[in-house]
Q: 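One structure follows; several queries about it will come next.
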Amino acid sequence: MPIPDTNHNRLIDDAEWEAEVRSSLAGTNESYSAGTITAAMILNPAGRVAWPGGSAVQTRTSADLGQNPTHLLLDGSVTPIELSGTVFVNGDVVLRGLVRGHGTLLARGNLYVMGDLTYDCGTGNTPIPCDYSNPSRLPQLNLIAGGNLLVGDFMSVQSDIESLTEEQMLSTRSNQPTIGFCRENPSDAACYPEERPRPNLALTEIANFNRRELQHYLRDNTYRPRLYTFAEDRIYFATGCSHQPQRYGEYSTIAAGARVSFCRGDTELSSTTLTAEQARSILARAARYEVTSSIFNNAVLKNLWASSMNARGVGPLRTDGLLYSANAIFGLAQRKYTKLGGRWDLRGALVAADTGILVPGPGDGSSGLTIYHDSRLRPRVPGGQQAQLRRGIWEVVGQ
């Protein structure tokens, strides 16, 4: 966890959060020095949410944003976001645009990057592109989520549906329904029953992550599983051992009689059937993390993403800084967005317990995801970390 989890429940409780914010504001926190953020921002937006552009520029601190429930929209597209030290936000954060300074933005909830997020080396009202050949002079941005961190369009249904145009992809009508909705409404057009009646990457990976957590608990019933949900209370997990999208009806909820497989890759080694007592114990012990936001719902995020896509030129999605979550990070740059061409350039670092990335590249054999590692950004992560790669090719081209 980005702050001490003193009771080891894999959640940031009120007391843990408040203690970290207070110590930062008092200047006694060794990890997070007190800081400020200046940006075009909207606090606790309601109704029709839109990027503020260059308006509503204000300066805030953790005293303003971290001590009471606050959800924050930050727009650096016109006036660069200026960050110094650590700013805590007691809620969800959505952001895009240019960033200056050296600092950390730590959201207790989820962080959503809905557009390019890049360093700026200008001063005053004049943005100036940075010289990346001299890293020592670059800004430093640490984005830390107590919940999950999502970059790009995780909202859309599968982007490989042939009949879906780019314009339709940018519409809220193409947002992914929940697994529960599609199981109960198998013929609904939103679930695309005739072409691909299976969930998108985010839902598929959530179900895969949940299956792995169930496997861990069933091997050790003292383990506290971390389970993910997507816009509904029900927790779904992938049956069998396939990591590919399944038909909606093949996903299972945690209940008596549900079958959990133990796997090596996509090969099933054994399976067990949950008892009523096991199901109750799992649900009682689990830490739950919601991928979607109650304030910035998926329709709001899709409109913010569409606005960013329509305003940008052609080139890879750009993200500068450290992306850090003790839970899940999702990154998506679909090929159908012609301005992106299925490419994402990350200049910084990516640290998470669970990572789901779909960056297929333009389809000509060139790479999709490129990470330019910034060694200045070093999160405090305990030892024993492991990385697991599925269905991908990595190449280290320099160090």
Side-chain angles (χ1 to χ4, degrees), residues 51 76-77 94-99 112-120 127 129-130 132-133 143 149-176 192 195-196 198-205 244-245 298 301-321 323 329-350 355-374 389-398:
W51 295 110
S77 63
V94 179
L95 74 165
R96 71 168 184 180
L98 304 172
V99 181
Y112 302 92
V113 183
M114 291 292 110
D116 298 295
L117 187 67
T118 58
Y119 291 149
D120 179 77
C130 292
Y132 286 83
S133 67
L143 286 182
L149 203 158
L150 301 100
V151 180
D153 180 16
F154 71 94
M155 300 82 66
S156 284
V157 296
Q158 290 285 41
S159 60
D160 58 354
I161 299 173
E162 292 300 324
S163 63
L164 205 60
T165 65
E166 181 172 0
E167 183 179 8
Q168 289 171 325
M169 284 270 289
L170 289 170
S171 168
T172 58
R173 291 190 297 272
S174 296
N175 275 0
Q176 171 70 56
Y192 289 87
E195 297 186 71
R196 192 173 177 84
R198 288 170 280 184
N200 69 1
L201 175 92
L203 270 178
T204 299
E205 292 300 331
Q244 298 289 351
N298 285 355
L301 291 175
K302 174 57 72 67
N303 287 331
L304 293 173
W305 171 256
S307 176
S308 295
M309 287 300 97
N310 291 331
R312 82 188 304 274
V314 176
L317 182 67
R318 281 278 309 279
T319 310
D320 289 351
L323 307 180
I329 291 181
F330 295 94
L332 291 94
Q334 291 98 319
R335 187 179 297 161
K336 272 203 170 179
Y337 290 127
T338 54
K339 288 184 176 181
L340 301 181
R343 294 169 296 164
W344 179 26
D345 286 358
L346 171 62
R347 290 165 164 78
L350 185 151
T355 306
I357 295 177
L358 173 61
V359 191
D364 58 3
S366 57
S367 63
L369 172 65
T370 303
I371 300 178
Y372 302 88
H373 180 236
D374 186 346
L389 177 66
R390 295 186 186 277
R391 301 188 307 278
I393 299 173
W394 289 86
E395 180 183 9
V396 178
V397 295

Q: State, to 0.1 Å, how close I329 and L323 come at their nearest heavy-atom pair, and which atoms those are.
A: CD1-O, 3.5 Å
Q: Do NZ/NE/NH1/NH2 and the carboxylate oxygens of D116 and R312 come within less than 4.0 Å?
A: yes
Q: Examine distances only and state if a side-chain atom of N175 and a backbone atom of N298 form a donor-acceptor pair shorter than 3.5 Å.
A: yes
Q: Looking only at atom types and distance, does a side-chain atom of S174 sit under 3.5 Å from a main-chain N or O of Q168, one as donor and one as acceptor?
A: yes
Q: Please find the pair of heavy atoms, one from P245 and one from P199, that lie closest to each other, and give the distance.
A: CB-O, 3.8 Å
Q: Donor-acceptor check, side chain of R347 to backbone of H373, threshold 3.5 angstrom: yes or no?
A: no
Q: Is it the case that the side chain of T118 and the backbone of D320 share a donor-acceptor pair, with hydrogens and angles ignored and the cut-off at 3.5 Å?
A: no
Q: Kindly indicate whether the side chain of L340, heavy atoms from C-beta on, has any atom under 4.5 Å from the side chain of V359.
A: no
Q: May I have the step-by-step check of side chain to side chain contact (heavy atoms under 4.5 Å, CB included) for V151 and F330, ending in yes or no?
A: CA-CA 6 Å; V151 180; F330 295 94; over 6 Å; no
Q: Which heavy-atom pair separates K339 from A311 by the least distance, and what is that distance?
A: NZ-N, 4.5 Å
Q: Once rounded to the nearest 0.5 Å, what's the spacing between atom OG1 of T319 and atom CH2 of W344?
A: 5.5 Å
Q: Between S171 and K302, is any pair of side-chain heavy atoms under 4.5 Å apart?
A: no
Q: For the side chain of S308 and the backbone of L304, is there at least one donor-acceptor N/O pair under 3.5 Å apart?
A: yes
Q: If you apply the rule side chain to side chain contact (heavy atoms under 4.5 Å, CB included), what do you find for L143 with L117, and how did you get there?
A: CA-CA 11 Å; L143 286 182; L117 187 67; 3.6 Å; yes
Q: On the ring face of Y132, is R318 found with NZ or CZ under 6.0 Å from the centre and within 45° of the axis?
A: yes
Q: State the CZ-OH distance between R343 and Y337, to the nearest 0.5 angstrom.
A: 15.5 Å
Q: Determine yes or no for a side-chain-to-main-chain donor-acceptor pair under 3.5 angstrom, with S367 supplying the side chain and L369 the backbone.
A: no
Q: Taking all heavy atoms of C130 and all of D120, pick out the closest pair and write down the distance.
A: SG-C, 3.4 Å
Q: Checking Q334 against S156: is there a side-chain donor and acceptor pair closer than 3.5 Å?
A: no
Q: How many angstroms lie between atom CG of L346 and atom OG1 of T370, to the nearest 0.5 angstrom?
A: 9.5 Å
Q: Could you grab the distance from atom CD of E205 to atom CZ of F154, nearest 0.5 Å is fine?
A: 14.5 Å
Q: Testing the basics here: between M114 and L150, what is the closest heavy-atom pair and its distance to 0.1 Å?
A: CE-O, 4.3 Å
Q: Answer yes or no: is there a donor N or O on one side and an acceptor on the other, between the side chain of K336 and the main chain of G341, under 3.5 Å?
A: no
Q: For residues L332 and D153, determine if any side-chain heavy atom of one lies less than 4.5 Å from a side-chain heavy atom of the other.
A: no
Q: Quick one: pull up OG1 in T172 and CG in L301 and give me the separation to the nearest 0.5 Å.
A: 12.0 Å
Q: Please answer whether the main-chain N or O of N200 pairs with a side-chain N or O of Q176 as donor and acceptor at a distance below 3.5 Å.
A: yes
Q: At what distance, to the nearest 0.5 angstrom, does CH2 of W51 lie from OG of S307?
A: 8.0 Å
